[in-house]
Amino acid sequence: MKAVGYKKSLPIEDQESLIDFETAKPEPKGRDIRVAVKAISANPVDYKVRKRAAPPEGEVKILGYDAAGVIDAVGPDVTLFKPGDEVFYAGSILRQGTNAEFHLVDERIVGRKPKSLSFAQGAALPLTSITAWELLFDRLGAVPGKSVDPRTLLITGGAGGVGSILIQLARRLTGLTVLATATRPESQTWCLDLGAHAVIDHGKPMKEQIEKLKLPPVALVASLTFTDQHYKAIADIMAPQGRFGLIDDPPEFTMSVFKGKAISVHWESMFTRSSFQTPDMIAQHHLLNDVADLIDRGVLRTTLDQTFGTINATNLKRAHALLESGKSRGKIVLEGW
């Protein structure tokens, strides 16, 4: 089968940073399904792993987590799916990735692809949907249901992949006031189109901008990017006894700034359940099916922004470069071989 991978951790400009190669088609065992990959999307985790995790000498590591495709074989213990089913999922960080024609994944972290979406549109959603859903409901404890919630959710970096789905989930499924941050005018418009009640510029002091809006108290925060640059200012903005959630890897982070207000800090990592085979690992299967239902009912929409052509090293380098620039919006998808 065709695949894209890397042998050494190299800058994306290097010719060998990602390479096209061929490898054996994997065979499913246990609860694994084998998916004929039709489309994939790129995420910041792809370039972060490429930069810091070189494969053993002589081996090629395949990146990629998001995928949409068709099941072509199943392991002996599979009960949730059958060959021919169309699926979407975000994979495991401990296994070879989805940048390959065929891919093995545990059925418990796979959902049915939304019927109303193409493979490309579907591939944009899994990793960010799982991250946003777990962050909003499991970590920050937001209450699903449209009853009035007298609190504001602040989402920093609202135009990125996770922010783009988190804005929708919070606006469509909760009674929270949704406040996003974005610096560029086109990114601010994107956030408003997705359902944010208001948008502020995190490149300028946030407190003054928020005070002018006269919103309910900022009790919940989803810090999605550049946490180290913003968390002290956010601690000053937040209501007492709030919840602060983050997904990035801040080089500097001192939790004591939240102590005076008894603000709790929550980390979200969507790979936790698959990496540790947690008893509730199947929650991601149910979550993705719920997202598919919400998409097909018109409650949520895909966050696909750009399609970069077929799945190959050249196009994936373009995707990595754009993600590394910090200027991407929504999701970048590659489709077909």
Under 3.5 Å, is there a donor-acceptor pair between the [X] and [Y] side chains?
X: Q306; Y: R318; value: no
X: T310; Y: W337; value: no
X: T174; Y: D149; value: no
X: N43; Y: K331; value: yes

Can a donor-acceptor pair be found, under 3.5 Å and without considering hydrogens, that links the side chain of [X] to the backbone of [Y]?
X: N312; Y: N315; result: yes
X: K8; Y: E16; result: no
X: E101; Y: V37; result: no

Exercise. May I ask you to decide if the ring planes of Y89 and H103 are parallel, tilted or perpendicular, using 30° and 60° as cut-offs?
Key: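 The rings of Y89 and H103 lie parallel, inter-plane angle below 30°.
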Practice problem: Run through L154, I234, L220 and flag the one making a side chain to side chain contact (heavy atoms under 4.5 Å, CB included) with F244. | Solution: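 With F244 as partner, L154, I234, L220 yield a single side chain to side chain contact (heavy atoms under 4.5 Å, CB included), made by I234.
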Quiz prompt | Aromatic centroids of Y231 and F253 separated by under 6.0 Å | solution =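 For F253 and Y231, the ring centres are under 6.0 Å apart.
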Quiz item: Are F271 and Y65 near enough that their ring centres are under 6.0 Å apart?
Solution: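 Yes: the rings meet the under 6.0 Å criterion.
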Quiz item: Got a sec, which residues hit side-chain contact (heavy atoms from CB on, under 4.5 Å) with P216, two or more places apart in sequence or on another chain?
Solution: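 Once residues adjacent in sequence are excluded, the partners of P216 under the side-chain contact (heavy atoms from CB on, under 4.5 Å) criterion are T152, T177.
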Self-check item: With E268 via side-chain contact (heavy atoms from CB on, under 4.5 Å) - residues at least two apart
Solution: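 Expected list: T131, E134, L135, R139, I247, M270.
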Practice problem: Give a yes or no on this: more than 12 heavy atoms of other residues, nucleotides or ligands lie within 6.0 Å of atom NZ of K48. | Solution: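 For K48, atom NZ is crowded (more than 12 foreign heavy atoms under 6.0 Å).
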Quiz item: So, for I93 and S275, which heavy atoms are closest and what is the spacing to 0.1 Å?
Solution: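 Between these two residues, the closest heavy atoms are CG2-OG, 3.7 Å.
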For residues 192-199, please give each side-chain donor-acceptor pair under 3.5 Å, one per line with the distance, not counting sequence neighbours.
residue: H197; atom: ND1; partner: V178; partner atom: N; Å: 2.9
residue: H197; atom: NE2; partner: R171; partner atom: NE; Å: 3.4

